[in-house]
Protein chains: 2
Amino acid sequence: MKISELSRRTGVPVASIKYFLRQGLLPAGRATAATLAEYGEEHAQRLRLIKALTTLGGLSIAATRDVLGALDQADTTEGALGAVSYALPVPVAAQSAAADEAEAEAAATAAAEVSELLAALDWRAPDTSPHVEGLAVALKELRRLDAGYAPGELAAYARLAESVARLDLERAAGLDDPVALAERAVIVFAICAPVFELLRRLAQEDQVRRRVAAEGTAFGTGRGPAAPGLADGSPPATSGRC
Amino acid sequence: MKISELSRRTGVPVASIKYFLRQGLLPAGRATAATLAEYGEEHAQRLRLIKALTTLGGLSIAATRDVLGALDQADTTEGALGAVSYALPVPVAAQSAAADEAEAEAAATAAAEVSELLAALDWRAPDTSPHVEGLAVALKELRRLDAGYAPGELAAYARLAESVARLDLERAAGLDDPVALAERAVIVFAICAPVFELLRRLAQEDQVRRRVAAEGTAFGTGRGPAAPGLADGSPPATSGRC
DNA sequence: CACAACAAGATACTGCCACTATCCAGTAGC
DNA sequence: GCTACTGGATAGTGGCAGTATCTTGTTGTG
């Protein structure tokens with residue numbers, strides 16, 4: 001099929017398809033002449049995957065390229081899973097080394113806390129994993145905001161995360177065809193995170209509603225209604241564009 | 001304190017502070033003269049919150065403004081929670097109405113599925129909630145990719161999400177001061193999502209490692225190693241920049 | 001008081017990203 | 001032969017998140 005038909009069938013503009021080709025997200029078609037190439041069904045499927053990764057998964061073009069590269073290069077499915085997991089962007093960016101001394105100490109404390117957690121859960125992960133680093137950074141920053149996790153809280157979250165991951169793996173493992181399996185794994189790892197986030201938000205909404213219904217206007221501590229806000233400053237101007 | 005000291009104490013460049021002021025994220029200081037203003041401790045705290053929302057929470061400037069506005073304007077803490085929840089960007093953007101007919105049908109099916117799920121879980125959420133819409137879009141797209149959730153799978157995820165939300169609410173409710181409580185709620189709702197995502201990734205890594213150890217090279221279906229890839233296309237060129 | 005150093009606010013500029021448009025030489029098919 | 005279309009290269013667009021510069025005014029030290 002020609003590029004125009006590929007565009008028609010996937011709903012992606014021709015210019016965008018060309019852009020993805022340039023960026024190496026989509027393999028080139030089989031050239032039949034100097035100015036003609038033939039695309040197949042696998043290009044349409046790949047294009048759908050690209051669209052899903054970028055719009056649903058929120059991945060950048062570079063991240064998408066890395067993920068697809070991992071998918072194509074891995075010899076084994078586990079290899080693909082690992083590579084994809086590492087190719088996905090880490091939600092919390094690693095920070096540059098802290099110049100401050102207190103900062104460095106806080107970072108070390110957080111890192112120790114993460115190691116301890118992993119040991120307690122018997123999760124095996126290398127210290128160099130971007131996820132381990134990101135977790136340490138996040139914990140450090142949360143403590144700076146006086147919103148650190150109480151001891152045990154983080155472990156409770158971790159146990160739930162483990163259950164979620166078990167479901168993920170089951171979902172990723174339920175296919176026979178290895179190619180389809182690797183692709184499914186990508187989808188589960190990359191795209192299902194937003195779905196879970198949505199479920200969590202809905203659950204939060206429901207919980208808030210329940211507590212309001214149960215306790216009247218008060219919430220949590222049983223205090224009356226309050227109007228929080230900055231003590232002296234005026235609130236930000238408009239909520240729309242600037 | 002002057003702007004330079006505010007900058008020194010928070011590590012945010014003066015130019016960026018001015019930018020946040022312009023964008024309405026940070027209330028103006030108390031003007032003491034035509035070219036002088038005084039900032040207080042609450043400005044430093046707000047600045048730390050802004051930094052956390054943008055770098056840890058991954059929020060855009062506009063989204064941060066909305067969240068902070070919700071926090072400042074809400075009369076009650078539950079109001080703040082609800083407003084913040086709606087001000088947070090939805091991970092899956094709502095799509096424009098489908099021109100295609102089959103597309104519209106798929107959207108309707110997905111919407112029905114979501115309603116059913118909510119009813120089964122006894123979660124009360126308005127159909128107009130952006131989270132409900134986002135979930136429907138995500139389910140529709142996943143089905144298009146042949147990676148839809150099997151019946152019951154989604155409910156299993158939802159139950160776990162409910163447990164996570166319960167932990168969230170406990171964390172958000174554990175303070176006496178209403179101002180601090182609202183701020184904590186923002187942090188829990190906005191920033192802890194990436195933390196959970198990291199935990200999930202680590203758990204996934206561990207699960208993969210366990211399965212590999214248990215089953216040798218094979219995975220899931222017990223098939224031998226495979227080298228997936230596009231049937232005819234060459235793999236994407238380089239993994240670095242273009 | 002003079003003057004260097006800094007402050008506030010307005011405006012303009014920068015770099016990055018994800019496209020999008022234009023141009024060109026080369027088929028395809030009537 | 002003529003028109004419509006193709007692949008490929010190059011350049012342009014619009015949005016975002018700052019960053020830099022400039023002007024005017026203030027401070028406080030000698």
Side-chain angles (χ1 to χ4, degrees), chain A residues 1-40 43 47 50-68 89 93 96 233-234 237 240-242, chain B residues 1-40 43 47 50-68 89 93 233-234 236-237 240-242:
Chain A
M1 98 187 84
K2 307 259 174 80
I3 202 172
S4 56
E5 194 184 339
L6 189 60
S7 166
R8 196 184 50 69
R9 285 183 45 175
T10 57
V12 179
V14 171
S16 299
I17 296 177
K18 288 185 175 183
Y19 174 64
F20 295 149
L21 286 166
R22 274 201 307 283
Q23 296 298 320
L25 302 197
L26 191 66
R30 192 172 48 84
T32 59
T35 63
L36 276 189
E38 179 73 10
Y39 299 92
H43 289 94
L47 213 39
I50 291 169
K51 260 302 166 208
L53 287 174
T54 54
T55 64
L56 291 188
L59 300 199
S60 68
I61 295 295
T64 305
R65 177 176 38 228
D66 290 347
V67 168
L68 293 176
S96 49
S234 49
R241 307 279 132 208
C242 56
Chain B
M1 91 186 86
K2 307 262 176 74
I3 202 173
S4 55
E5 195 184 341
L6 189 60
S7 165
R8 197 184 48 69
R9 285 183 46 175
T10 57
V12 179
V14 171
S16 298
I17 296 177
K18 288 186 177 183
Y19 174 65
F20 295 150
L21 287 166
R22 274 202 308 282
Q23 296 298 321
L25 301 196
L26 191 66
R30 191 172 49 82
T32 59
T35 62
L36 276 188
E38 180 73 10
Y39 299 92
H43 289 93
L47 214 37
I50 292 169
K51 260 303 167 208
L53 287 174
T54 54
T55 64
L56 291 189
L59 299 199
S60 69
I61 294 296
T64 305
R65 176 176 40 229
D66 289 347
V67 168
L68 293 176
S234 50
R241 305 282 133 205
C242 58

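Only a predicted model underlies this, so the values are computations on that prediction, with no experimental measurement involved. In the text below, chain A, chain B and the rest are named by the order of the sequence lines, each starting its count at 1.
- For the pair B/Ile3 CD1 and C/dG9 C1', the interatomic distance rounds to 10 Å; values are reported in whole Å.
- Protein atom CD of A/Glu5 is 12 Å distant from nucleotide atom P of D/dG7, rounded to whole Å.
- In this structure a side-chain-to-backbone donor-acceptor pair under 3.5 Å is present from A/Arg65 to A/Gln23.
- Remark: P of C/dA7 and CD of B/Glu38 are 12 Å apart, rounded to the nearest angstrom.
- For the pair B/Leu21 CG and C/dA10 C1', the computed distance is 13 Å after rounding to whole Å.
- Taking OH of B/Tyr39 as the start and CG of B/Leu21 as the end, the distance is 5.0 Å to the nearest 0.5 Å.
- The shortest heavy-atom contact between A/Thr64 and A/Ser60 is OG1-O, 2.7 Å.
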Taking N or O atoms only and anything under 3.5 Å, show me the protein contacts with nucleotides 18-20 of chain C, one pair per line.
unit_1	atom_1	unit_2	atom_2	d
C/dA18	OP1	A/Ile61	N	3.3
C/dT20	OP2	A/Ser16	OG	3.3
C/dT20	O4	A/Arg22	NH2	3.0

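- Rounded to whole Å, atom C1' of C/dA7 lies 12 Å from atom CD1 of B/Ile17.
- The CG atom of A/Leu53 sits 6.0 Å away from the CG atom of A/Leu68 when rounded to the nearest 0.5 Å.
- Side-chain N or O atoms of A/Thr54 include none that pairs as donor or acceptor with a backbone N or O of A/Leu59 at under 3.5 Å.
- Between B/Ala63 and B/Pro89, the shortest heavy-atom contact is CB-CD, 4.0 Å.
- What separates CD of B/Gln23 from C1' of D/dC16 is a distance of 10 Å, to the nearest Å.
- Taking OH from A/Tyr19 and CG from A/Leu25, the interatomic distance works out to 7.5 Å, rounded to the nearest 0.5 Å.
- Minimum interatomic distance between A/Leu26 and A/His43 (heavy atoms only, all atoms of both residues): CD1-O, 3.8 Å.
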Assess the residue pair A/Glu5 and A/Lys2 against the criterion (salt bridge (Lys or Arg N to Asp or Glu O under 4.0 Å)); give the C-alpha distance rounded to whole Å, side-chain angles, the decisive distance to 0.1 Å, and a yes or no. CA-CA 5 Å; A/Glu5 194 184 339; A/Lys2 307 259 174 80; over 6 Å; no
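- Between B/Leu36 and A/Thr35, the residue anchored closer to the 5' end of DNA chain C is B/Leu36, taking for each the nucleotide with the nearest heavy atom.
- Where the helix from C/dC1-D/dG30 to C/dC30-D/dG1 starts and where it ends, the local axes point in directions that differ by 20°; five pairs per end, rounded to 10°.
- The separation between A/Lys18 atom NZ and D/dA9 atom P is 10 Å, rounded to whole Å.
- Distance NZ (A/Lys2) to C1' (D/dG7): 12 Å, rounded to an integer number of Å.
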